[in-house]
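Everything quoted here is computed from the prediction, not taken from an experiment.
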There are 2 protein chains.
Amino acid sequence: MGFAAVCPRPRNAAATRTAILDAAAKRFAAESYEQVGMRDIARDVGVDPALISRYFGSKEELFRAVLDDCDGDELMDGDRATFGERMADDLVYGPAKDEDLAWLLIMLKSAGSPKAAEIVQQAAIEGFYQPFTEWLGGEDAPIRARVIAGILMGIAVGRDLSGGMKLSPEECERMKALLAPMLQQLVDG
Amino acid sequence: MGFAAVCPRPRNAAATRTAILDAAAKRFAAESYEQVGMRDIARDVGVDPALISRYFGSKEELFRAVLDDCDGDELMDGDRATFGERMADDLVYGPAKDEDLAWLLIMLKSAGSPKAAEIVQQAAIEGFYQPFTEWLGGEDAPIRARVIAGILMGIAVGRDLSGGMKLSPEECERMKALLAPMLQQLVDG
DNA sequence: GGGGGTGGTCAACGCCTGTTGACTTAGATG
DNA sequence: CATCTAAGTCAACAGGCGTTGACCACCCCC
(Lines give C-alpha, C1' and ligand atoms only; values in the text may rest on other atoms or scores of the structure.)
Protein backbone atom coordinates (compact mmCIF):
# COMPACT_ATOMS: atom_id res chain seq x y z
CA MET A 1 0.00 0.00 0.00
CA GLY A 2 1.18 3.51 -0.81
CA PHE A 3 3.85 3.56 -3.49
CA ALA A 4 3.76 7.32 -3.47
CA ALA A 5 7.46 7.73 -2.93
CA VAL A 6 8.49 5.68 -5.95
CA CYS A 7 5.70 6.78 -8.29
CA PRO A 8 4.64 10.40 -7.70
CA ARG A 9 1.30 9.99 -9.48
CA PRO A 10 0.71 12.00 -12.66
CA ARG A 11 -1.35 15.13 -12.24
CA ASN A 12 -4.76 13.83 -13.16
CA ALA A 13 -7.71 14.97 -11.11
CA ALA A 14 -10.20 12.37 -12.31
CA ALA A 15 -7.79 9.49 -11.77
CA THR A 16 -6.81 10.52 -8.25
CA ARG A 17 -10.45 11.10 -7.44
CA THR A 18 -11.35 7.54 -8.29
CA ALA A 19 -8.18 6.31 -6.61
CA ILE A 20 -9.34 8.01 -3.44
CA LEU A 21 -12.79 6.52 -3.87
CA ASP A 22 -11.26 3.06 -4.28
CA ALA A 23 -8.99 3.33 -1.29
CA ALA A 24 -11.82 4.69 0.81
CA ALA A 25 -14.08 1.81 -0.22
CA LYS A 26 -11.48 -0.71 0.87
CA ARG A 27 -10.94 1.05 4.18
CA PHE A 28 -14.65 1.39 4.89
CA ALA A 29 -15.19 -2.28 4.09
CA ALA A 30 -12.62 -3.22 6.71
CA GLU A 31 -13.25 -0.68 9.48
CA SER A 32 -16.09 1.47 10.72
CA TYR A 33 -16.78 5.04 9.67
CA GLU A 34 -15.11 6.59 12.70
CA GLN A 35 -12.09 4.36 12.59
CA VAL A 36 -11.21 5.23 9.04
CA GLY A 37 -9.17 8.40 9.09
CA MET A 38 -8.68 10.84 6.28
CA ARG A 39 -4.96 10.54 6.87
CA ASP A 40 -5.17 6.75 6.42
CA ILE A 41 -6.92 6.99 3.08
CA ALA A 42 -4.57 9.74 1.97
CA ARG A 43 -1.56 7.61 2.83
CA ASP A 44 -2.97 4.69 0.84
CA VAL A 45 -3.37 6.85 -2.23
CA GLY A 46 -0.13 8.76 -1.70
CA VAL A 47 -1.74 12.15 -1.38
CA ASP A 48 -2.19 14.91 1.16
CA PRO A 49 -5.22 14.51 3.45
CA ALA A 50 -6.34 18.01 2.57
CA LEU A 51 -6.93 16.95 -1.00
CA ILE A 52 -9.69 14.59 0.03
CA SER A 53 -11.58 17.28 1.88
CA ARG A 54 -11.03 19.46 -1.14
CA TYR A 55 -12.48 16.94 -3.60
CA PHE A 56 -15.34 15.57 -1.56
CA GLY A 57 -16.15 18.42 0.78
CA SER A 58 -16.18 16.37 3.95
CA LYS A 59 -15.68 12.87 5.28
CA GLU A 60 -19.42 12.39 5.39
CA GLU A 61 -19.79 13.24 1.73
CA LEU A 62 -16.87 11.01 0.85
CA PHE A 63 -18.65 8.15 2.59
CA ARG A 64 -21.82 8.91 0.69
CA ALA A 65 -19.85 9.00 -2.55
CA VAL A 66 -18.35 5.58 -1.80
CA LEU A 67 -21.80 4.11 -1.22
CA ASP A 68 -23.18 5.74 -4.35
CA ASP A 69 -20.23 4.53 -6.40
CA CYS A 70 -20.35 0.83 -5.67
CA ASP A 71 -23.81 -0.61 -5.42
CA GLY A 72 -24.86 -3.99 -4.10
CA ASP A 73 -25.84 -5.46 -7.43
CA GLU A 74 -22.95 -7.91 -7.48
CA LEU A 75 -24.99 -10.27 -5.36
CA MET A 76 -27.66 -10.57 -8.01
CA ASP A 77 -25.85 -11.02 -11.28
CA GLY A 78 -24.97 -14.69 -10.87
CA ASP A 79 -27.20 -17.67 -11.47
CA ARG A 80 -30.14 -17.88 -9.09
CA ALA A 81 -29.77 -21.62 -8.65
CA THR A 82 -26.19 -21.29 -7.35
CA PHE A 83 -26.76 -18.31 -5.04
CA GLY A 84 -26.49 -20.34 -1.86
CA GLU A 85 -23.36 -22.09 -3.04
CA ARG A 86 -21.65 -18.87 -4.09
CA MET A 87 -22.46 -16.96 -0.94
CA ALA A 88 -21.52 -19.83 1.35
CA ASP A 89 -18.19 -20.04 -0.43
CA ASP A 90 -17.55 -16.31 -0.08
CA LEU A 91 -18.50 -16.41 3.58
CA VAL A 92 -16.36 -19.37 4.55
CA TYR A 93 -13.31 -18.67 2.43
CA GLY A 94 -13.48 -14.88 2.44
CA PRO A 95 -12.26 -12.26 2.65
CA ALA A 96 -10.00 -13.33 -0.18
CA LYS A 97 -12.38 -12.31 -2.92
CA ASP A 98 -14.71 -10.13 -0.97
CA GLU A 99 -15.72 -8.13 -3.97
CA ASP A 100 -19.20 -9.57 -3.89
CA LEU A 101 -19.72 -8.80 -0.26
CA ALA A 102 -17.78 -5.54 -0.13
CA TRP A 103 -20.86 -3.42 -0.26
CA LEU A 104 -22.56 -5.39 2.47
CA LEU A 105 -19.43 -5.18 4.59
CA ILE A 106 -19.38 -1.40 4.35
CA MET A 107 -22.95 -1.30 5.61
CA LEU A 108 -22.13 -3.77 8.33
CA LYS A 109 -19.10 -1.98 9.69
CA SER A 110 -20.63 1.46 9.78
CA ALA A 111 -24.16 0.60 10.85
CA GLY A 112 -24.43 2.15 14.26
CA SER A 113 -22.04 5.01 13.64
CA PRO A 114 -24.26 7.99 14.44
CA LYS A 115 -22.76 10.27 11.83
CA ALA A 116 -23.04 7.64 9.12
CA ALA A 117 -26.30 6.06 10.24
CA GLU A 118 -28.71 8.00 8.06
CA ILE A 119 -26.50 7.66 5.01
CA VAL A 120 -26.15 3.94 5.57
CA GLN A 121 -29.85 3.42 6.10
CA GLN A 122 -30.83 5.26 2.97
CA ALA A 123 -28.20 3.49 0.90
CA ALA A 124 -29.15 0.13 2.38
CA ILE A 125 -32.81 0.52 1.52
CA GLU A 126 -32.48 2.12 -1.91
CA GLY A 127 -29.31 0.35 -3.00
CA PHE A 128 -29.85 -3.06 -1.55
CA TYR A 129 -33.08 -4.05 0.18
CA GLN A 130 -35.43 -2.77 -2.50
CA PRO A 131 -33.63 -4.21 -5.55
CA PHE A 132 -32.79 -7.41 -3.73
CA THR A 133 -36.37 -7.88 -2.59
CA GLU A 134 -37.54 -7.35 -6.15
CA TRP A 135 -34.91 -9.79 -7.43
CA LEU A 136 -36.03 -12.37 -4.89
CA GLY A 137 -39.72 -12.13 -5.65
CA GLY A 138 -42.23 -14.63 -4.40
CA GLU A 139 -43.91 -14.77 -1.04
CA ASP A 140 -42.63 -12.67 1.86
CA ALA A 141 -39.78 -11.36 -0.27
CA PRO A 142 -39.00 -8.41 2.08
CA ILE A 143 -38.70 -10.75 5.03
CA ARG A 144 -36.55 -13.24 3.18
CA ALA A 145 -34.34 -10.40 1.97
CA ARG A 146 -33.77 -9.22 5.50
CA VAL A 147 -33.02 -12.68 6.77
CA ILE A 148 -30.58 -13.41 3.96
CA ALA A 149 -28.78 -10.10 4.42
CA GLY A 150 -28.69 -10.72 8.13
CA ILE A 151 -27.13 -14.13 7.75
CA LEU A 152 -24.51 -12.87 5.33
CA MET A 153 -23.51 -10.05 7.65
CA GLY A 154 -23.74 -12.11 10.78
CA ILE A 155 -21.44 -14.85 9.55
CA ALA A 156 -19.01 -12.18 8.40
CA VAL A 157 -19.01 -10.69 11.89
CA GLY A 158 -18.55 -14.10 13.42
CA ARG A 159 -15.45 -14.55 11.32
CA ASP A 160 -13.85 -11.47 12.88
CA LEU A 161 -15.18 -12.35 16.29
CA SER A 162 -13.80 -15.84 16.59
CA GLY A 163 -10.44 -14.93 15.14
CA GLY A 164 -8.56 -17.49 17.14
CA MET A 165 -10.89 -20.39 16.49
CA LYS A 166 -9.76 -21.36 13.08
CA LEU A 167 -11.68 -24.12 11.36
CA SER A 168 -9.97 -27.06 9.72
CA PRO A 169 -10.40 -27.45 5.96
CA GLU A 170 -12.97 -30.19 6.37
CA GLU A 171 -14.85 -28.10 8.92
CA CYS A 172 -14.92 -25.28 6.39
CA GLU A 173 -16.48 -27.64 3.88
CA ARG A 174 -19.06 -28.75 6.43
CA MET A 175 -19.92 -25.17 7.29
CA LYS A 176 -20.29 -24.39 3.64
CA ALA A 177 -22.48 -27.45 3.25
CA LEU A 178 -24.61 -26.21 6.11
CA LEU A 179 -24.98 -22.65 4.87
CA ALA A 180 -25.45 -23.21 1.16
CA PRO A 181 -28.80 -25.04 1.25
CA MET A 182 -30.02 -22.73 4.00
CA LEU A 183 -29.43 -19.65 1.86
CA GLN A 184 -30.65 -21.35 -1.30
CA GLN A 185 -33.87 -22.32 0.39
CA LEU A 186 -34.41 -18.71 1.41
CA VAL A 187 -33.86 -17.60 -2.17
CA ASP A 188 -36.24 -20.18 -3.57
CA GLY A 189 -38.89 -19.27 -0.99
CA MET B 1 -31.01 8.92 32.47
CA GLY B 2 -28.81 10.71 34.97
CA PHE B 3 -30.80 11.80 38.02
CA ALA B 4 -27.64 13.03 39.62
CA ALA B 5 -28.99 16.49 40.34
CA VAL B 6 -31.98 15.30 42.33
CA CYS B 7 -30.33 12.34 44.06
CA PRO B 8 -26.65 12.97 44.81
CA ARG B 9 -25.80 9.31 45.28
CA PRO B 10 -24.70 8.17 48.76
CA ARG B 11 -21.00 7.72 49.30
CA ASN B 12 -20.64 4.06 48.53
CA ALA B 13 -17.71 2.93 46.45
CA ALA B 14 -18.95 -0.57 45.70
CA ALA B 15 -22.39 0.65 44.63
CA THR B 16 -21.07 3.32 42.29
CA ARG B 17 -18.61 0.84 40.89
CA THR B 18 -21.37 -1.51 39.84
CA ALA B 19 -23.48 1.43 38.70
CA ILE B 20 -20.66 2.41 36.37
CA LEU B 21 -20.37 -1.18 35.22
CA ASP B 22 -24.10 -1.28 34.48
CA ALA B 23 -24.18 1.99 32.61
CA ALA B 24 -21.10 0.99 30.64
CA ALA B 25 -22.70 -2.34 29.70
CA LYS B 26 -25.78 -0.56 28.37
CA ARG B 27 -23.68 1.89 26.38
CA PHE B 28 -21.42 -0.79 24.95
CA ALA B 29 -24.45 -2.84 23.94
CA ALA B 30 -25.77 0.10 21.94
CA GLU B 31 -22.61 1.63 20.47
CA SER B 32 -19.12 0.53 19.57
CA TYR B 33 -16.08 0.75 21.80
CA GLU B 34 -14.77 3.97 20.29
CA GLN B 35 -18.13 5.68 20.23
CA VAL B 36 -18.77 5.19 23.90
CA GLY B 37 -17.09 8.01 25.76
CA MET B 38 -16.03 8.05 29.36
CA ARG B 39 -17.90 11.31 29.69
CA ASP B 40 -21.09 9.64 28.41
CA ILE B 41 -20.93 6.84 30.93
CA ALA B 42 -20.07 9.30 33.69
CA ARG B 43 -23.07 11.44 32.81
CA ASP B 44 -25.35 8.40 32.91
CA VAL B 45 -24.17 7.50 36.39
CA GLY B 46 -23.99 11.10 37.60
CA VAL B 47 -20.31 11.05 38.35
CA ASP B 48 -17.12 12.73 37.23
CA PRO B 49 -15.37 11.03 34.30
CA ALA B 50 -12.15 10.94 36.25
CA LEU B 51 -13.71 8.56 38.73
CA ILE B 52 -14.07 5.87 36.11
CA SER B 53 -10.41 6.00 35.17
CA ARG B 54 -9.69 5.93 38.86
CA TYR B 55 -11.76 2.81 39.50
CA PHE B 56 -10.97 0.81 36.42
CA GLY B 57 -7.58 2.11 35.39
CA SER B 58 -8.42 2.71 31.77
CA LYS B 59 -11.22 2.49 29.25
CA GLU B 60 -9.80 -0.75 27.97
CA GLU B 61 -9.88 -2.32 31.41
CA LEU B 62 -13.40 -1.03 31.97
CA PHE B 63 -14.45 -2.76 28.78
CA ARG B 64 -12.82 -5.96 29.90
CA ALA B 65 -14.55 -5.67 33.27
CA VAL B 66 -17.92 -5.29 31.55
CA LEU B 67 -17.33 -8.42 29.51
CA ASP B 68 -16.15 -10.35 32.56
CA ASP B 69 -19.12 -9.17 34.59
CA CYS B 70 -21.96 -10.25 32.34
CA ASP B 71 -21.44 -13.53 30.59
CA GLY B 72 -23.41 -15.03 27.75
CA ASP B 73 -25.04 -17.76 29.73
CA GLU B 74 -28.51 -16.24 29.47
CA LEU B 75 -28.91 -17.85 26.09
CA MET B 76 -28.57 -21.31 27.53
CA ASP B 77 -30.70 -21.36 30.63
CA GLY B 78 -34.06 -21.75 28.93
CA ASP B 79 -35.61 -24.91 27.59
CA ARG B 80 -33.75 -26.41 24.67
CA ALA B 81 -36.92 -27.20 22.79
CA THR B 82 -38.03 -23.57 22.74
CA PHE B 83 -34.67 -22.00 21.89
CA GLY B 84 -35.65 -21.12 18.33
CA GLU B 85 -38.92 -19.61 19.42
CA ARG B 86 -37.36 -17.54 22.18
CA MET B 87 -34.55 -16.18 20.06
CA ALA B 88 -36.79 -15.41 17.10
CA ASP B 89 -39.04 -13.48 19.43
CA ASP B 90 -36.16 -11.49 20.89
CA LEU B 91 -34.81 -10.74 17.43
CA VAL B 92 -38.06 -9.59 15.90
CA TYR B 93 -39.51 -7.71 18.83
CA GLY B 94 -36.28 -6.51 20.41
CA PRO B 95 -34.59 -4.52 21.66
CA ALA B 96 -37.33 -4.22 24.24
CA LYS B 97 -36.03 -7.02 26.41
CA ASP B 98 -32.55 -7.34 25.05
CA GLU B 99 -31.21 -8.79 28.23
CA ASP B 100 -30.73 -12.16 26.63
CA LEU B 101 -28.88 -10.75 23.68
CA ALA B 102 -27.07 -7.93 25.49
CA TRP B 103 -23.85 -9.81 25.71
CA LEU B 104 -23.95 -10.77 22.05
CA LEU B 105 -24.71 -7.16 21.13
CA ILE B 106 -21.63 -5.92 22.97
CA MET B 107 -19.50 -8.34 20.97
CA LEU B 108 -21.24 -7.34 17.79
CA LYS B 109 -20.83 -3.61 18.19
CA SER B 110 -17.19 -3.66 19.16
CA ALA B 111 -15.96 -6.46 16.93
CA GLY B 112 -13.59 -4.71 14.59
CA SER B 113 -12.54 -1.97 16.97
CA PRO B 114 -8.76 -2.45 16.97
CA LYS B 115 -8.27 -1.50 20.61
CA ALA B 116 -11.05 -3.81 21.76
CA ALA B 117 -10.49 -6.61 19.26
CA GLU B 118 -8.28 -8.88 21.33
CA ILE B 119 -10.46 -8.45 24.40
CA VAL B 120 -13.58 -9.19 22.42
CA GLN B 121 -12.08 -12.24 20.77
CA GLN B 122 -10.91 -13.76 23.99
CA ALA B 123 -14.23 -13.06 25.71
CA ALA B 124 -16.16 -14.39 22.74
CA ILE B 125 -14.28 -17.66 22.70
CA GLU B 126 -14.05 -18.32 26.42
CA GLY B 127 -17.36 -16.75 27.43
CA PHE B 128 -19.55 -17.77 24.56
CA TYR B 129 -18.34 -20.06 21.80
CA GLN B 130 -16.85 -22.72 24.04
CA PRO B 131 -19.74 -23.03 26.53
CA PHE B 132 -22.33 -22.67 23.82
CA THR B 133 -20.68 -25.32 21.68
CA GLU B 134 -20.62 -27.62 24.68
CA TRP B 135 -24.26 -26.85 25.43
CA LEU B 136 -25.20 -27.59 21.84
CA GLY B 137 -23.40 -30.90 21.62
CA GLY B 138 -23.93 -33.34 18.80
CA GLU B 139 -22.33 -33.34 15.40
CA ASP B 140 -20.45 -30.30 14.15
CA ALA B 141 -21.29 -28.39 17.28
CA PRO B 142 -18.60 -25.69 16.72
CA ILE B 143 -19.91 -24.98 13.27
CA ARG B 144 -23.52 -24.85 14.36
CA ALA B 145 -22.54 -22.53 17.21
CA ARG B 146 -20.89 -20.14 14.80
CA VAL B 147 -23.82 -20.17 12.44
CA ILE B 148 -26.35 -19.60 15.19
CA ALA B 149 -24.35 -16.76 16.70
CA GLY B 150 -23.91 -15.30 13.25
CA ILE B 151 -27.62 -15.35 12.53
CA LEU B 152 -28.48 -13.77 15.85
CA MET B 153 -26.00 -10.95 15.34
CA GLY B 154 -26.76 -10.52 11.67
CA ILE B 155 -30.49 -10.09 12.17
CA ALA B 156 -29.75 -7.63 14.96
CA VAL B 157 -27.59 -5.61 12.58
CA GLY B 158 -30.25 -5.75 9.92
CA ARG B 159 -32.68 -4.22 12.36
CA ASP B 160 -30.47 -1.15 12.76
CA LEU B 161 -29.65 -1.09 9.09
CA SER B 162 -33.16 -1.03 7.70
CA GLY B 163 -34.41 1.45 10.26
CA GLY B 164 -36.91 3.00 7.89
CA MET B 165 -38.37 -0.25 6.61
CA LYS B 166 -40.65 -1.12 9.45
CA LEU B 167 -42.47 -4.40 9.22
CA SER B 168 -46.18 -4.71 9.83
CA PRO B 169 -47.31 -6.80 12.81
CA GLU B 170 -48.25 -9.74 10.60
CA GLU B 171 -44.92 -9.47 8.79
CA CYS B 172 -43.19 -9.64 12.16
CA GLU B 173 -45.07 -12.83 12.91
CA ARG B 174 -44.07 -14.30 9.55
CA MET B 175 -40.44 -13.38 10.10
CA LYS B 176 -40.58 -15.01 13.50
CA ALA B 177 -42.17 -18.06 11.95
CA LEU B 178 -39.35 -18.17 9.43
CA LEU B 179 -36.54 -17.76 11.93
CA ALA B 180 -37.73 -19.94 14.78
CA PRO B 181 -37.62 -23.34 13.03
CA MET B 182 -34.38 -22.38 11.31
CA LEU B 183 -32.67 -21.73 14.64
CA GLN B 184 -34.32 -24.69 16.31
CA GLN B 185 -33.12 -27.00 13.57
CA LEU B 186 -29.59 -25.75 14.11
CA VAL B 187 -29.88 -26.44 17.83
CA ASP B 188 -31.25 -29.92 17.28
CA GLY B 189 -28.53 -30.72 14.77
C1' DG C 1 -15.04 17.56 68.55
C1' DG C 2 -11.01 17.43 65.96
C1' DG C 3 -7.95 14.05 62.79
C1' DG C 4 -7.65 10.75 58.94
C1' DG C 5 -8.79 8.31 55.21
C1' DT C 6 -11.84 7.46 51.67
C1' DG C 7 -15.29 8.98 47.84
C1' DG C 8 -15.53 12.31 44.68
C1' DT C 9 -14.55 16.67 41.92
C1' DC C 10 -11.89 20.06 39.15
C1' DA C 11 -8.82 21.86 35.85
C1' DA C 12 -5.59 20.77 32.78
C1' DC C 13 -2.57 18.12 29.84
C1' DG C 14 -1.24 15.69 25.45
C1' DC C 15 -2.92 13.47 21.64
C1' DC C 16 -5.48 12.77 17.56
C1' DT C 17 -9.11 14.10 14.33
C1' DG C 18 -11.38 16.70 10.27
C1' DT C 19 -11.08 20.90 8.09
C1' DT C 20 -9.38 25.39 6.18
C1' DG C 21 -6.67 29.05 3.79
C1' DA C 22 -2.47 30.32 1.89
C1' DC C 23 1.04 28.57 -0.59
C1' DT C 24 3.85 25.95 -4.34
C1' DT C 25 4.40 23.59 -8.56
C1' DA C 26 3.49 21.00 -12.70
C1' DG C 27 1.80 21.17 -17.43
C1' DA C 28 -0.77 22.55 -21.17
C1' DT C 29 -1.44 26.87 -24.02
C1' DG C 30 -0.28 31.04 -26.50
C1' DC D 1 9.99 30.58 -23.80
C1' DA D 2 6.55 32.96 -20.84
C1' DT D 3 2.09 32.48 -18.65
C1' DC D 4 -1.84 31.07 -16.35
C1' DT D 5 -4.83 27.64 -14.51
C1' DA D 6 -5.52 23.57 -12.18
C1' DA D 7 -3.37 19.86 -8.99
C1' DG D 8 -1.40 19.21 -4.97
C1' DT D 9 1.10 20.48 -0.50
C1' DC D 10 1.86 22.65 3.98
C1' DA D 11 1.02 24.44 8.44
C1' DA D 12 -2.26 25.48 11.53
C1' DC D 13 -6.69 25.59 13.92
C1' DA D 14 -10.61 24.15 16.76
C1' DG D 15 -12.78 20.49 19.04
C1' DG D 16 -13.06 16.09 21.29
C1' DC D 17 -10.85 12.24 23.54
C1' DG D 18 -8.75 9.51 27.72
C1' DT D 19 -6.03 10.34 31.46
C1' DT D 20 -3.58 12.61 35.47
C1' DG D 21 -2.41 15.05 39.84
C1' DA D 22 -3.94 18.30 42.99
C1' DC D 23 -7.70 19.45 45.35
C1' DC D 24 -12.39 19.42 48.48
C1' DA D 25 -15.84 17.07 51.59
C1' DC D 26 -17.95 13.76 53.97
C1' DC D 27 -18.01 10.24 57.62
C1' DC D 28 -16.15 7.12 60.98
C1' DC D 29 -13.36 6.76 65.09
C1' DC D 30 -10.91 7.91 69.14
* **B/M182 side chain reached by A/L186 side chain, heavy atoms, under 4.5 Å** => yes
* Asked: If you count the non-hydrogen atoms of other residues, nucleotides and ligands that lie under 6.0 Å from CD in A/E74, is the total more than 12?
  -> yes
* May I ask you to decide whether A/R43 forms a salt bridge with A/D40, counting only side-chain N to carboxylate O separations under 4.0 Å? => yes
* Structure fact -> 5'-most contact on DNA chain D (nearest-nucleotide basis), B/K59 vs B/R11, goes to B/K59
* Hey, where on DNA chain D does chain B first and last touch, going 5' to 3'? Cut-off is any atom under 4.0 Å from a heavy atom. -> D/dC17 to D/dC26
* **Between C/dG18 (C1') and A/Y33 (OH): distance, integer Å** => 9 Å
* Asked: What integer distance in Å separates A/F63:CZ from C/dT19:P?
  -> 14 Å
* Counting side-chain heavy atoms from CB outward, which of C/dG7, C/dT9, C/dG21 is closest to A/A50? -> C/dG21
* Do the side chains of B/F56 and B/R64 get nearer than 4.5 Å, heavy atoms only? -> no
* B/V187 backbone acceptor or donor facing B/R144 side chain under 3.5 Å -> yes
* To do: Could you check whether the rings of A/F28 and A/Y33 sit parallel, tilted or perpendicular, using 30° and 60° as the cut-offs?
  => parallel
* **Between P of C/dA26 and CG of A/L51, the distance in whole Å** => 16 Å
* Going by modelled atom types, is there a donor-acceptor pair between the base of C/dG18 and the side chain of A/R39 at under 3.5 Å? -> yes
* Separation of atom CD in A/Q35 from atom P in C/dG18, rounded to whole Å -> 11 Å
* In whole angstroms, how far is the P atom of C/dT19 from the CE atom of A/M38? -> 5 Å
* Hey, which of these two, A/G57 or A/D40, hits DNA chain C nearer its 5' end, going by closest nucleotide? -> A/D40
* To do: Would you classify B/Y55 as touching base, sugar-phosphate or nothing, given that sugar-phosphate means primed atoms plus P, OP1 and OP2, and contacts are heavy atoms under 4.0 Å?
  => sugar-phosphate
* Between the base of C/dT20 and the side chain of A/R54, is there any donor-acceptor pair under 3.5 Å? -> no
